[in-house]
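In what follows, chains are A, B, ... by sequence order, proteins preceding strands, each numbered from 1.
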Amino acid sequence: MNEILLQIDGKEVRAREGMTVLEAAQSAGISIPTLCYHEKLVPFGGCRLCIVEAEGHGWIRLVVSCVYTVEENLAVRTRSEKVDRIRKTLLELLLAHAPNSPQLQDLAQEYGADKDRFEKEASFCIHCGLCVRYCAEVKKLNAVGFVDRGIKKEISFIPEIASKECHNCMECFPLCPTSWLQAAFVFTEALAFSGPSSGTPSNE
Amino acid sequence: MNNDRIDQIIDKHQGEASSLIQVLLEIQSENHWLPKDALRRVGEKLQVPLSRIQHIATFYKAFSLVPKGRHEVHVCMGTACHVRGAERVLDKVQDLTGIKPGETDLDLKFSLETVNCLGCCALGPVMEIDGKTHGKLSRAETEDVLKSYD
Ligand code: SF4
Ligand code: FES
Ligand code: FES
């Protein structure tokens, strides 16, 4: 496996070929904010929060670090005026959907994002896809999926699968940056199947 | 739609998971909608999780997860049809069928949708029924056309 030498925030970083810029940064102890990234999952590139400035041979571009693979001599800046401005706007847009998410609030503080900049449209889910992808890729259960598209896109549990599997798992709950996943589950449970009382494993 | 017919459609596509959309389209056009049992069957045979099928079936407007009428009426509300009186055509269709866009009547005869330009503006106002175009419609003609379907 070839080794690739690049610079991140002025620091020399050695990375393996095929690694993403985000992974290379993390391996060097440099942190980049993420929302839809998870080390066990196939890169998704959905939230764009991990955007960074990359400089190659005579070009400077904004790239999405969790999907962009390392290149020899790439010079990456994980923060710049432009990057910070983009992250601030992204956070403000997300906060219109999930104003109470602690994870978003922390990031908002860091980037000076105003949670009231855009009119509230509380849909709670920010479409990071962590729950859907974790259930499909890691657990291979596919108990939850997306339905519809665009602004109407939302998650939806498959009751037949959820009623059997979710009580023994619930590993996706803490991954959700908002509390929507848990709420959606309780909702589905109440409407479509009656689960055992809190937390006891199902004896299906 | 019974499982045998669904299996036939799937077999025609060699049971390839990559033919999922094609299979769904065929079921949709024959049955006018995608019942959950059909989706389950397709999922089992093609080895595609139901969550994925559900995402696709709700993503494209060509699919319906609720029963649709035998005849699909599309009234064009595009700019050209709008200035030529699309509103009148739509009103007439709503009056006669008793349904609004997005709805299906109780006899499962008609489903109504509005669209934005069918690409034949010179014929406006235009209404399409089961893929057949009816143009330059007056109220009376709209009524005649609708009545010709059973
Ligand atoms: S419910 Fe939560 S984890 Fe799932 S996609 Fe929405 S925000 Fe992400
Ligand atoms: S973490 Fe990279 S796009 Fe979400
Ligand atoms: S606007 Fe109706 S066909 Fe173009």
Hey, which residues of residues 121-150 of chain B are touching chain A, say heavy atoms under 4.5 Å apart?
none
Drop me the distance from B:S51's OG to A:F157's CZ, to the nearest 0.5 angstrom.
11.0 Å
Approximate separation, where rounding is to 0.5 Å, of A:R149 CZ and B:H55 NE2
9.5 Å
So with a 6.0 Å cut-off around CZ of A:F118, is the heavy-atom count from everything else above 12?
yes
Atom pair CG (A:N142) and CZ (B:R52), whose distance is rounded to the nearest 0.5 Å
9.0 Å
Looking at CG of B:L50 and CD1 of A:I161, how far apart are the two atoms once the value is rounded to the nearest 0.5 Å?
6.0 Å
A:D148 backbone acceptor or donor facing B:T58 side chain under 3.5 Å:
yes
Which atoms of A:V132 approach chain B - backbone, side chain, both or neither, heavy atom under 4.5 Å
neither
NZ (B:K36) with more than 12 external heavy atoms under 6.0 Å:
yes
Heavy atoms from other residues, nucleotides or ligands near CD of A:Q109 exceed 12 (cutoff 6.0 Å):
no
Counting only heavy atoms not in B:L106, do more than 12 fall under 6.0 Å of its CG?
no
Heavy-atom count around A:F187 CZ within 6.0 Å, excluding the residue itself: above 12?
no
Give a yes or no on this: more than 12 heavy atoms of other residues, nucleotides or ligands lie within 6.0 Å of atom CZ of B:R70.
yes
What part of B:K61 gets within 4.5 angstrom of chain A, counting heavy atoms only: side chain, backbone, both, or neither?
both
